[in-house]
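So you know, we letter chains A, B, ... as the sequences are listed, proteins then strands, and number each from 1.
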Amino acid sequence: STAGAGSAQVARSQALSCNGTLKIALMAPLTGDAGFLGNEQLSWTKYAVKTLAPKFGLKIKLLAGDTQLDPQIAASLAQKYVADKGVVAVIGPSTSGAVAATSQTLFQAGLAHISPSATRTSLTKGTSRQATPGFFRVIADDGIQGPGDARFMIEKLKVKKVVLIDAQEPYSVGLADATQAYLKSKGVTTIRESVSINQSDFSSIVTKVPNDTDIVFAPFQQPPKAQTLAQQLLEQGKKAKVFGGDGTADADKFNVPGSYVSNFAAPISNFAYNKAIIDGWKKDNPGQSLGVFGPPAYGAVQVALNAIRLACNQGKGQLKDRRDVIRNVKRIRVKNWILGGDFRFSTKTNDPLNGAFYIFQVQPDKTYKLVG
Amino acid sequence: MDNFIQFTVNALTLGSVYALIALGYSLVYGILKLLNFAHGDVFMVGAFIGFGVLQALGGAADPVISIWFVLVLVMLSAMAGCAILGVAIERFAYRPLRNAPRIAPLISALGVSFFLTYSMQLMFGSQQRDYNAFAMANGALFFKGFDIGSVRVPLLRIVIVVSAFVLMILLWLLVTKTRIGKAMRATSYDREAAAMMGIDIDRVIVFAFVLGSALAGAAGVMFALRAPASVTIGFVAGLKGFTAAVIGGIGSIPGAMAGGLILGFAESFTQGYISTRWSDLFVFLILIAFMLLRPQGLFGKADIKKV
Amino acid sequence: MSAAAPLLQLEGINTYYGQIHILQDSSMVVGEGELVCLLGGNASGKSTTLKTILGIVAPRTGRVLLGGEDVTRMPTAHRIRRGLAIVPENRRLFGPMTVLENLEMGAYLRPKADLKEEFERVYTLFPLLYERRSQLAGTLSGGEQQMVAMGRALMSKPKLLLMDEPSMGLAPVLVERSFEIIKQVNDAGVAMLVVEQNANVSLSIADRGYVLSTGRVVLEGKAADLLQNEELRKAYLGR
Amino acid sequence: MSEQRPPESAGTTPAVGKDEWVARLDDNRARRTGLPGVVEERLRNVPWWAWLTLFVAAVAALPIVYDSGYVRRVAFDTVVYMLLALGLNVVVGWGGLLDLGYVAFYGIGAYSYALLSSNQFDVHLPTLVTVPLVVAIGAVVGLLVGLPSRRLSGDYLAIVTLFFFQLFIVVVTNGDHLFGTNVTGGSNGIGGVEADVDPFNLFGRDLVVSTGGIFNVWYLYVALAFFVVVFVLLRFVNHSRIGRAWRSLREDPLAAEMMGMPVNWLKLLAFSFGAAVAALSGTIFAGLNGGVFPTTFAFPLLITVYTMVILGGSGSQAGVVVGAILVNVLLELLRDPGQSRYLFYFLIVVGLLAIFRLSVRLAVVLGGTIVLGFAVHAIASSISDAAVSGASNGGGWLADALRQWVITPSSLGAWAPISYVALVSLVLVLTLLAGWVRIAVLVPTLYLAAFVWENVMLAKPEATRFIVLGAILVAVMIVRPSGLLGEKRVEIV
Amino acid sequence: MGEKLLDLQGVSMAFGGLTVIDGLDLHVDEGEIVSVIGPNGAGKTTLFNLVTGVYEPSAGDIVFAGESIKGLEPHRITRKGIARTFQTLRLFLNMSVRENVMAAAYGHTRAGVFRSMFRTPGQRREEKEIRELAERCLAFFGERLMGYRWDQPAYSLSYANRRRLEIARATATKPRLLLLDEPAAGMNPKETQEITELIGKLRSEGGFTILVIEHDMHVVEGISDRVVALDHGVKIAEGSFEDVATAPQVVEAYLGTGGMARK
Ligand SMILES: Nc1ncnc2c1ncn2[C@@H]1O[C@H](COP(=O)(O)OP(=O)(O)OP(=O)(O)O)[C@@H](O)[C@H]1O
Ligand SMILES: Nc1ncnc2c1ncn2[C@@H]1O[C@H](COP(=O)(O)OP(=O)(O)OP(=O)(O)O)[C@@H](O)[C@H]1O
Ligand SMILES: CC(C)C[C@H](N)C(=O)O
Ligand SMILES: [Mg+2]
Ligand SMILES: [Mg+2]
């Protein structure tokens with residue numbers, strides 16, 4: 001196929017001085033049903049830019065783009081950042097749908113896009129990869145989380161019957177599918193339920209949960225929803241425990257004792273070296289809980305700034321082309337990674353090496369305890 | 001059988017909240033023929049006011065005074081706050097449009113809805129808030145109650161259903177038995193003619209907004225006692241309320257109650273007995289069929305066809 | 001206010017609809033207990049005058065005074081409270097309410113009063129309304145609706161009654177009756193401003209009259225004098 | 001009978017139909033005089049096609065003037081909105097039918113295109129076949145949806161169409177489990193970066209979405225061509241017996257029926273026209289994005305399109321186009337704190353000018369506000385440095401200049417909601433005041449507005465965008481209830 | 001006068017328990033002007049509603065030009081050649097005066113969706129004809145609905161002018177039978193005289209057969225070939241104006257004994 005006339009020129013960005021202000025852009029849902037998630041990421045991105053840019057000797061201006069959870073709007077936004085010659089990297093897009101819709105554009109324009117939360121496996125792996133080589137993510141994908149959760153249920157919890165509930169949006173559907181497939185393959189009885197993303201009363205599903213069910217798997221995006229589900233199970237005297245995905249991993253908001261949660265990281269407060277970061281963030285965001293989706297965004301910024309610095313160094317104080325950032329991303333290693341351990345990318349795909357998932361159980365005192 | 005009872009209990013809880021919202025729609029629609037799209041957002045603000053008051057009084061787990069008293073305060077302040085909000089909306093966004101084409105206030109209402117949702121997001125962020133009713137009185141709201149067969153009907157659900165019905169009955173008495181109620185009816189049929197009878201239509205309209213918004217505030221609290229609240233809950237609530245109001249026959253008070261309950265039952269039972277995934281499909285198919293058979297709604301009167 | 005102030009006074013009213021200048025500097029007075037009729041060809045601005053008095057249309061300049069009080073900027077309901085009642089041009093009944101309820105609405109401002117007498121009066125004037133008291137007003141025939149509109153206006157015991165073509169659409173028997181009613185009501189002390197096309201009859205019962213033409217008051221005076229006015233006869237009365 | 005002169009009366013006394021108003025129109029008409037009057041008169045005489053040509057030329061020139069994929073993309077999105085608004089205008093503006101399912105037809109168009117030209121079922125029809133086919137599908141589905149609704153009117157129609165919309169959403173988001181087959185891709189939609197959905201292919205050329213990351217301008221031109229065709233055809237229909245019948249039906253269905261118009265059929269036709277236009281818009285949307293996702297076809301989009309139609313003036317084609325442009329461009333401008341800052345202060349100044357003209361009062365207000373600002377700033381900085389040491393949002397020369405005037409505390413805490421609520425209340429109260437009191441209140445309000453804008457609202461541009469949009473909707477409706485270019489209308493009682 | 005154009009055979013109509021038209025036989029011959037009179041609520045407007053298909057009679061048959069039109073949809077009846085005006089005016093208020101009339105040409109014009117969309121020459125010709133027809137219909141009322149009023153919205157008309165516009169609109173459907181419901185309501189004696197003449201001219205120049213409801217005896221006397229008096233849905237008198245107006249039932253139920261109705 002040929003290109004349409006009129007736009008044949010390839011976007012070779014002009015060189016930028018690394019002493020001037022460079023821009024990076026966050027693409028996340030900032031309004032609407034998933035607005036909370038984007039705003040968490042925004043607050044951590046802001047904080048990361050503010051504290052880390054000086055350390056890398058960079059002046060960075062952060063742009064925030066609201067995808068409204070609509071891939072089409074994300075595509076428009078991508079054009080905006082492509083057109084802005086000062087933008088040198090993108091944090092996000094947060095959601096897999098948005099990544100799929102924008103990766104081509106961003107990559108062609110030479111923009112690295114590093115997502116803190118897009119977990120659809122097929123973005124980076126498989127025969128029909130949905131994202132370009134310009135896409136990176138700093139957390140493990142659903143292909144690890146789903147089977148991992150399932151394995152835990154089978155091996156540790158010895159489950160016989162599991163109810164899985166998705167919320168009719170890509171993230172929960174993907175995760176529930178992966179988990180259910182694994183459970184089924186191991187002979188566990190599974191029951192699949194599916195509720196609209198707007199539903200907040202689960203009473204009727206709970207009524208339907210058979211009494212001998214061990215686990216209700218709830219890969220929701222919002223912790224309070226998992227909380228409501230767990231409470232309604234108790235209310236109707238069901239003994240099944242809720243098992244939430246990474247989206248629900250917030251000890252302040254989902255903490256019905258006995259429930260399980262899986263996450264791509266241990267709570268960041270588990271790592272002593274995070275103390276200063278956490279204190280600083282809390283100072284900027286008084287009264288807010290740390291959140292689940294924010295800290296990876298901090299990590300994504302860290303990777304991005306690292307890569308920009310490297311590219312600048314190679315260009316002798318100049319960023320010759322935005323592509324240079326893409327080239328450098330995979331080389332980045334971060335010690336004392338905010339999510340624990342050291343961070344580096346896998347050599348084969350644009351995923352983190354040894355991306356792992358952790359499973360916690362809520363304790364009677366409402367804290368999370370690592371159980372797997 | 002147990003499941004059936006349980007589904008019924010679920011339906012009643014859902015339905016009474018829908019009905020309260022529907023009433024606000026119906027009241028305003030009855031008088032102004034306006035689909036008040038901002039109504040759902042008033043509901044949302046109600047949930048937030050309740051949250052604020054609850055926190056100010058020490059929170060769900062250790063309130064400064066008896067939790068029952070706190071609950072009453074939460075409810076009353078949400079109702080009062082929403083009433084004020086409703087009056088302000090009417091005064092500034094709708095009243096200047098009294099004589100405009102019908103579609104204009106509709107857009108104004110959308111504007112108000114945007115304004116409220118995002119003002120709340122601006123001020124309070126977009127996280128979900130949980131009243132944590134679970135912790136109130138050591139879980140009594142969830143675990144105490146009475147039993148039907150082996151099904152426990154918890155206190156919280158009883159409180160919600162009963163107070164919703166009490167509010168609705170009060171409203172119904174107000175509208176059918178009082179002079180202002182009659183003025184409301186007349187105003188709804190012909191505003192100009194009502195003014196010619198000496199009815200102060202501004203007051204009548206404000207009154208409708210006060211009632212409707214207060215009920216929305218109450219509904220907001222009831223909702224948030226059982227589910228997390230965020231700035232975006234207004235939309236779905238509004239949609240449900242509107243639907244319930246139309247099913248019942250928009251403008252009719254018993255209609256709004258019936259519509260809310262029908263919707264609650266439809267949701268609960270299709271989820272229970274048919275499929276959770278396709279529940280909405282069936283609910284909407286049922287509703288469409290219903291509308292085609294009885295376009296004026298359950299309690300609505302067919303238009304007078306007189307030429 | 002001075003006791004001598006007339007019930008209703010229009011001072012130099014100018015009303016526009018968009019670009020078109022409708023009422024042009026018109027002034028009128030209705031005194032206590034007077035029966036005044038307002039005449040004029042089609043589109044001469046009669047209904048517009050009544051609407052201006054009620055506050056449904058706002059004049060660009062000029063004042064409306066009720067009992068000496070300036071009400072130009074007041075909403076309709078507040079004017080009604082000062083003792084006005086109206087039989088509007090297109091009847092404006094509350095269609096989905098019954099005849100009885102419509103009549104009750106007419107007495108809205110007298111919540112505590114005993115309405116028996118009023119009901120009786122209306123029902124003797126229009127016995128048909130009694131038969132139809134529980135029919136929805138919207139389903140009545142045109143003439144029946146006109147009766148309800150008149151009955152409704154009488155329910156409020158007004159000081160000043162405005163009527164826009166009260167006999168329109170009524171059968172000849174009732175036209176006669178309606179003029180009798182007007183006379184009766186006026187004799188009971190209610191001042192009236194009546195718009196009527198049936199100029200002969202209305203002038204014969206009125207005290208005074210105004211004649212409008214393209215929005216201007218072109219003639220005014222004692223009814224008896226107007227009846228004799230040749231020009232008026234030619235212009236409006238035809239034969 | 002003659003055409004211009006009234007028929008001579010047959011000799012009897014009353015001349016048939018003398019009407020003084022008609023005869024003496026000029027005496028009774030208040031005219032705008034002077035230059036504005038002349039300009040108004042002249043502008044009114046420019047024919048519609050001249051406006052259209054001018055407009056299309058201007059849009060077509062955009063990519064030549066701006067070499068930015070972003071501008072092109074926004075222009076493209078706007079043209080799609082214009083198309084959607086034109087279609088909705090048929091149903092709402094002309095037919096008077098409150099169709100809350102409109103966006104579903106857009107979705108049906110997009111999904112049909114995606115199913116007929118993608119890897120989903122490995123069907124790859126050529127664009128020149130797909131597009132007309134999808135338009136036909138849209139028209140037919142429109143008819144079918146209209147069919148059960150034809151007996152309904154007003155708000156009952158609205159709710160049934162709303163239910164239909166919800167059904168569409170349910171089916172599409174769960175369409176990966178339709179009778180055991182994956183039809184619509186469920187919540188993941190169809191397609192993604194590997195362009196599962198074929199791009200448009202015209203005259204043997206694939207219109208690739210972007211080259212080098214830059215939006216392919218041909219999409220803009222194709223959309224524009226669609227727009228012109230739709231605009232002209234709809235205009236013709238509106239000025240025909242069918243258009244008149246639609247408008248009659250909007251005014252009084254019963255009277256229309258009695259005047260020989262088949263009301264039910266006309267309703268269906270209006271539905272079908274709207275649906276066809278929406279479906280057409282859907283095709284180009286799907287082709288461009290190389291994919292379709294259920295979240296696109298949601299309620300907010302419906303609201304956006306309605307807003308465009310009514311803001312611009314429902315019933316007026318030019319109006320709805322202007323509405324589409326205003327809303328979309330405004331929303332884009334507001335994305336960026338830097339840009340929206342200019343817009344904000346610009347609007348305030350223009351607003352003040354509109355209210356006060358060039359007058360002493362204007363000088364008092366502006367002067368008062370400026371002085372007040374410096375005074376507050378001086379006092380605040382002398383009390384505590386933290387009161388003025390916050391970072392400003394967005395940047396730019398204006399931001400730097402304002403820093404000397406607006407206080408920007410380093411942290412606001414609870415003052416953010418308090419000041420915001422105070423501002424909203426003050427603005428509302430202002431609308432009730434008049435005379436010097438108003439001016440006295442206006443000055444602190446303006447300063448508070450600047451304070452809130454700089455400190456609270458620009459800090460959260462996403463929320464601010466929609467707040468501003470909401471406020472503008474209310475304000476415009478109050479100032480011009482019939483929309484910007486709409487005709488004044490009365491409600492029928 | 002010619003054949004029976006309209007023929008009602010034993011038509012009845014009831015609302016709930018209330019019989020409004022009771023076994024009514026009534027006919028209108030081609031070229032005739034027939035007036036219907038009767039007290040308020042006699043069922044006159046209901047008669048019109050039955051003929052135009054707003055209601056379907058509960059018994060009896062309605063024959064127009066030799067064909068039963070009972071149960072047809074209103075717009076089909078209109079196309080067969082019956083048009084009406086409304087006692088409670090029903091104009092297209094937000095459309096211009098001219099458009100109100102042009103819209104009524106729908107039934108006898110042909111240009112379909114595609115011809116309209118592509119504005120074929122035939123369609124353009126038809127449009128021109130419609131416009132001329134409309135202007136002719138409006139010119140019938142002299143200056144009252146002409147000139148600048150053509151482009152004024154209908155809501156800006158005064159009551160009586162709205163009545164006139166209703167008639168103009170009805171004539172634009174090119175009917176054979178015209179039903180006028182109280183055409184002179186709201187007009188003063190002089191204007192009433194004018195409308196009386198105009199109704200005469202509608203027949204002589206427009207060639208319409210006319211059935212009219214009217215309470216003004218001047219009009220009834222001036223135009224009618226035949227008068228039918230109804231009461232409680234039953235025909236109580238029929239014949240020439242003089243006969244009907246002096247029939248005792250009519251005088252008692254309708255005219256009253258006072259002088260003014262009889263001049
Ligand atoms: N809403 C309006 N917009 C524009 N013009 C109007 C409006 N209402 C009335 N007019 C015009 O004002 C003039 C006076 O109308 P008005 O209704 O007062 O007449 P009227 O004397 O009551 O006539 P009629 O006897 O026909 O009822 C007419 O020319 C009419 O066309
Ligand atoms: N839809 C309806 N429902 C109930 N009753 C009706 C309905 N339509 C008409 N009626 C009744 O039928 C009777 C005849 O009404 P209709 O309108 O035909 O009277 P009319 O002869 O035209 O009287 P007028 O001269 O007052 O216009 C009236 O008593 C009226 O109340
Ligand atoms: C933010 C997350 C819920 C996004 C999700 N992991 C996705 O891939 O879309
Ligand atoms: Mg009048
Ligand atoms: Mg009648």
Side-chain angles (χ1 to χ4, degrees), chain A residues 1-12 30-32 35 38-39 61 63-66 68-73 75-84 96-97 99-111 120 122 128-132 168-170 173-174 194 196 284 286, chain D residues 63 67-74 77 119 169-170 173-174 176-177 186-189 191-196 199 201 205-219 221 285 288-296 298 300-301 332 335-336 395 411 413 460-463 465-466:
Chain A
S1 63
T2 53
S7 58
Q9 76 276 36
V10 167
R12 171 159 294 281
L30 298 172
T31 57
N39 280 298
K61 180 172 168 191
L63 309 177
D66 180 8
Q68 293 169 258
L69 212 55
D70 182 347
Q72 188 259 329
I73 292 178
S76 263
L77 266 180
Q79 285 293 341
K80 181 175 168 74
Y81 298 134
V82 166
D84 187 338
S96 301
V99 173
T102 56
S103 192
Q104 188 89 283
T105 301
L106 293 173
F107 178 59
Q108 285 181 355
L111 277 174
R120 190 188 296 172
S122 57
S128 66
R129 275 180 49 183
Q130 287 183 305
T132 60
Q168 301 184 354
E169 44 77 34
V173 171
S194 170
S196 138
D284 283 5
Chain D
D67 170 35
S68 151
Y70 176 56
V71 172
R72 294 172 185 189
R73 172 76 199 213
V74 172
D77 288 347
N119 300 333
I169 293 177
V170 172
T173 30
N174 294 291
D176 46 350
H177 292 78
S187 52
N188 283 320
V193 84
E194 294 298 316
D196 278 341
N201 179 307
R205 278 160 150 256
D206 263 357
L207 299 189
V208 180
V209 177
S210 61
T211 322
I214 292 191
F215 180 75
N216 184 352
V217 74
W218 279 103
Y219 273 97
Y221 289 143
F285 171 85
L288 169 86
N289 284 295
V292 285
F293 315 96
T295 43
T296 308
L301 179 64
E332 278 307 322
R335 264 185 204 290
D336 188 326
S411 130
K460 291 190 175 172
E462 329 72 53
R465 266 173 93 200
F466 292 109

* Asked: How long is the span from the NZ atom in D:Lys460 to the CG atom in A:Asn39, to the nearest 0.5 Å?
  -> 6.5 Å
* To do: Please step through side chain to side chain contact (heavy atoms under 4.5 Å, CB included) for the pair A:Leu77 and D:Arg335, ending with a clear verdict.
  => CA-CA 10 Å; A:Leu77 266 180; D:Arg335 264 185 204 290; 3.8 Å; yes
* To do: Starting at CG of A:Asp66, measure out to CD of D:Glu462 and round the result to the nearest 0.5 Å.
  => 6.0 Å
* **Interface moiety of A:Ile73 toward chain D, non-hydrogen atoms closer than 4.5 Å** => side chain
* Asked: Can you name the salt bridge (Lys or Arg N to Asp or Glu O under 4.0 Å) partners of A:Asp84, sequence neighbours left out?
  -> A:Lys23
* Asked: Under the salt bridge (Lys or Arg N to Asp or Glu O under 4.0 Å) test, which residues partner D:Asp77, sequence neighbours left out?
  -> D:Arg73
* Asked: What distance do D:Thr295 atom OG1 and A:Leu69 atom CG have between them, rounded to the nearest 0.5 Å?
  -> 6.0 Å
* Is there a side-chain contact between A:Val82 and D:Tyr70, using heavy atoms and a 4.5 Å cut-off? -> no
* Between atom OG of D:Ser68 and atom NZ of A:Lys80, what is the distance when rounded to the nearest 0.5 Å? -> 9.0 Å
* Asked: Just how far is it from atom CD of A:Gln68 to atom CZ of D:Phe466, taken to the nearest 0.5 Å?
  -> 4.0 Å
* Might you point out which heavy atoms bring D:Gly69 and A:Ala83 nearest each other, and give the distance in Å? => N-CB, 4.4 Å
* Asked: Which value, rounded to the nearest 0.5 Å, describes the distance between A:Ser122 atom OG and D:Asn188 atom CG?
  -> 7.5 Å
* **Portion of D:Asn201 that has a non-hydrogen atom of chain A nearer than 4.5 angstrom** => neither
* **Over all atoms of both residues, closest heavy-atom pair of D:Asn174 and A:Ser194** => OD1-OG, 4.0 Å
* Asked: Given a strict heavy-atom distance threshold of 4.5 Å, which part of D:Phe285 is in contact with chain A: side chain, backbone, both, or neither?
  -> side chain
* chain D: which of A:Ser196, A:Gly97, A:Pro71 shares the most heavy-atom pairs with it under 4.5 Å? -> A:Pro71
